Amino acid sequence: MSHFSILDGSIVGLYLLATMLAGIMVRKYVGKVEHFLVAGREMNVFLGIASLAATEFGIVTCMYTAQNGYEMGFSGAVPGILMAAAMAFVGFTGFGVKPLRDSGVMTLPELYQKKFGPRVRWAAGVVIVLGGLLNMGVFLRTGGEFLVVVTGLDVHYLEITMTLLLILVAVYTILGGMLSVLITDFLQFIVMSLGLILVTVLILYHIGWAALVQAVQTHHGAGGFNPLVHPKMGWPYVVFNALLNLAVVLTWQTTIIRLLSAKDTKTGLKIYKGTAFFFVCRFLIPGIWGIAALTTLTPEVVGANTLYAMPKFLSTFVPMGLMGLLVAAMLAADMSTDSSYMLTWGSVIYNDIMAPFRKKAWPEKKGILWNRFIVAFIGIFLLFYGLWYPLKGDLWTYLGVTGTIYLSSMSVLLIACCYWKRANSWGAGAAILFGALIPVGFLVMQQVPATQPLAEKIGPYYSGIAAYIITALAMVIGSLLKPQRKGA
Amino acid sequence: MTVEHWFWALVTAAVVIWYSTITIFVAIKGIGDIRDMLKKLTRLETEK
């Protein structure tokens with residue numbers, strides 16, 4: 001029986017009302033496309049930290065990182081440490097992102113056009129939007145499933161609840177664009193952080209650190225503390241996650257849009273430095289919740305799908321009153337992610353995929369109207385693809401594949417664009433092609449019975465590492481093969 | 001307690017302390033950032 005009460009419902013209702021009002025109020029400041037997409041580039045450090053942290057933590061993140069904690073112990077939080085290290089490295093050195101912000105572009109493909117031409121810009125836009133939207137497609141249902149388990153809501157209301165939530169998010173994102181996203185992200189960061197911190201402190205106080213450590217030791221042994229000795233992880237897991245997280249920090253559009261919305265490059269880098277350690281929290285806090293589920297619940301209660309271990313644990317562990325804050329925190333996490341993702345992928349559709357259709361500059365009003373249509377269209381896509389059409393198959397593989405299709409090629413393109421004079425459109429085209437072929441090829445190998453044993457032997461981590469290495473080689477070989485113009 | 005146990009104990013303590021501190025800090029300073037951003041956008045709009 002869930003502890004969700006009328007008091008908790010009131011807390012959630014109040015939070016939703018406050019967010020909606022704040023999001024709609026700032027619509028009057030949107031006068032130009034630049035205001036809609038990058039908040040007029042007037043964002044300062046603390047607002048940037050709140051927005052980046054809120055966006056990169058959704059219910060889907062919480063579910064998978066908690067599952068990592070349940071299945072791998074503390075070792076499951078290692079990707080968070082790697083991501084924090086990658087973000088700190090990029091923030092302190094400006095690697096990749098400094099030339100990106102200095103160029104004054106609004107999206108990554110816009111930068112690629114300067115070096116590789118309009119065709120690569122268009123192709124990069126398509127890859128980014130496809131990878132991003134397919135990746136995001138599963139967020140809504142996973143978020144709904146969390147809420148159903150934690151609040152004890154009738155499963156028949158899942159679709160209706162999440163549809164209403166999406167409409168709410170879409171309304172303020174359509175009206176206020178990035179300005180609404182930033183203001184609501186700020187509120188959502190505070191609510192989300194309060195919920196995350198209080199529940200974690202409650203777990204540490206009531207269950208105790210020693211019991212958590214003991215549970216990990218009993219179920220996972222030394223591998224629960226050190227990924228290098230974990231039978232399912234080892235160095236390929238660490239190397240793959242290091243590459244993946246560096247690519248995310250450099251090119252994931254929802255992350256770099258904060259850098260591009262910052263008032264200058266220095267502010268953008270400060271946001272990266274200030275948010276870096278948050279990524280340890282992002283993995284370790286839900287990881288501890290997952291370990292708490294491992295400590296307190298029997299395998300019979302958890303059932304076959306360990307994804308639901310954490311919400312099942314929270315539904316009976318968190319007391320009334322705090323349950324309202326927890327649900328508000330998780331809604332905040334999901335809403336900030338959804339609004340930002342809708343706007344971000346929309347910005348690439350408008351700025352890059354539609355670029356060939358804008359031979360002449362459009363009036364600002366027309367541009368804003370188109371952006372609003374695109375965000376609405378993405379909302380409709382999410383509704384039907386992610387919520388009303390249940391995805392079949394393994395979700396983790398799905399997320400990994402859609403992410404790698406985008407990240408391997410885009411990160412190689414960014415590094416080559418900024419630091420290799422000889423890089424050209426042939427290399428960029430080859431990198432985009434191979435960056436997509438390898439992860440998709442691996443997925444196909446997993447599905448075809450004849451190649452299944454080989455796919456299992458290779459595993460997702462070696463395949464992921466190969467995607468980055470081969471994409472980089474494709475960039476080098478493709479660029480060297482293209483004949484150089486005389487005098488170039 | 002092994003070295004790994006101590007490592008995760010320290011990281012967990014750092015997470016709770018850092019996250020609590022940054023939340024308070026961002027909550028206070030972020031309001032100023034929002035005010036400045038909206039003021040600047042209003043000024044740019046009226047200057048047009």
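Values reported hereafter were calculated over all heavy atoms of this structure, with side chains retained and with hydrogens, waters and symmetry mates removed. Lettering of chains follows the sequences in order, A, B, ..., and the numbering in each one begins at 1. Given the structure is predicted, the values throughout are model-derived calculations rather than measurements.
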Legend entry - Shortest non-hydrogen separation from S193(A) to Y19(B) and the atoms involved: OG-OH, 2.9 Å
Inset, instruction - Quickly, which of L179(A), N44(A), L47(A) forms a side-chain contact (heavy atoms from CB on, under 4.5 Å) with I34(B)? Name it, please. - result: L47(A)
Inset, instruction - Could you walk me through whether F277(A) and V15(B) pass the side-chain contact (heavy atoms from CB on, under 4.5 Å) test, one step at a time? - result: CA-CA 8 Å; F277(A) 195 72; V15(B) 159; 4.1 Å; yes
Legend entry - Spacing of I22(B) atom CD1 and T275(A) atom OG1 [to the nearest 0.5 Å]: 8.0 Å
Inset, instruction - Quick one: pull up CD in E4(B) and CZ in F74(A) and give me the separation to the nearest 0.5 Å. - result: 12.0 Å
Legend entry - Residue of the set I291(A), I288(A), L284(A) for which side-chain contact (heavy atoms from CB on, under 4.5 Å) holds with W8(B): L284(A)
Inset, instruction - Sort V216(A) into side chain, backbone, both or neither according to what part of it lies under 4.5 angstrom from a heavy atom of chain B. - result: neither
Legend entry - Which atoms of K29(B) approach chain A - backbone, side chain, both or neither, heavy atom under 4.5 Å: both
Legend entry - Verdict with supporting geometry, H5(B) and Q217(A), side-chain contact (heavy atoms from CB on, under 4.5 Å): CA-CA 10 Å; H5(B) 293 181; Q217(A) 187 68 49; 3.1 Å; yes
Legend entry - K28(A) side chain reached by T42(B) side chain, heavy atoms, under 4.5 Å: no
Legend entry - F7(B) and F225(A), any side-chain heavy atoms less than 4.5 Å apart: no
Legend entry - Reference residue F46(A); test side-chain contact (heavy atoms from CB on, under 4.5 Å); the match among I31(B), V26(B), I28(B): V26(B)
Legend entry - Atom group of I81(A) that falls short of 4.5 Å from chain B, counting heavy atoms: side chain
Legend entry - side-chain contact (heavy atoms from CB on, under 4.5 Å) assessment of D36(B) paired with E42(A): CA-CA 8 Å; D36(B) 290 348; E42(A) 292 297 342; over 6 Å; no
Inset, instruction - Hey, could you give me the CD1/CD1 distance between I197(A) and I24(B), rounded to the nearest 0.5 Å? - result: 7.5 Å
Legend entry - Portion of F186(A) that has a non-hydrogen atom of chain B nearer than 4.5 angstrom: side chain
Inset, instruction - Using a 4.5 Å cut-off on heavy atoms from C-beta on, say whether the side chain of F189(A) contacts that of T23(B). - result: yes
Inset, instruction - Measure the spacing between NE2 of H35(A) and CG of L41(B) and express it to the nearest 0.5 Å. - result: 5.0 Å
Inset, instruction - Could you name each residue pair satisfying salt bridge (Lys or Arg N to Asp or Glu O under 4.0 Å) that touches residues 185-212 of chain A, not counting sequence neighbours? - result: D185(A)-R258(A)
Inset, instruction - Answer yes or no: are there more than 12 heavy-atom neighbours, outside K273(A) itself, under 6.0 Å from its atom NZ? - result: yes
Legend entry - Interface moiety of L196(A) toward chain B, non-hydrogen atoms closer than 4.5 Å: side chain
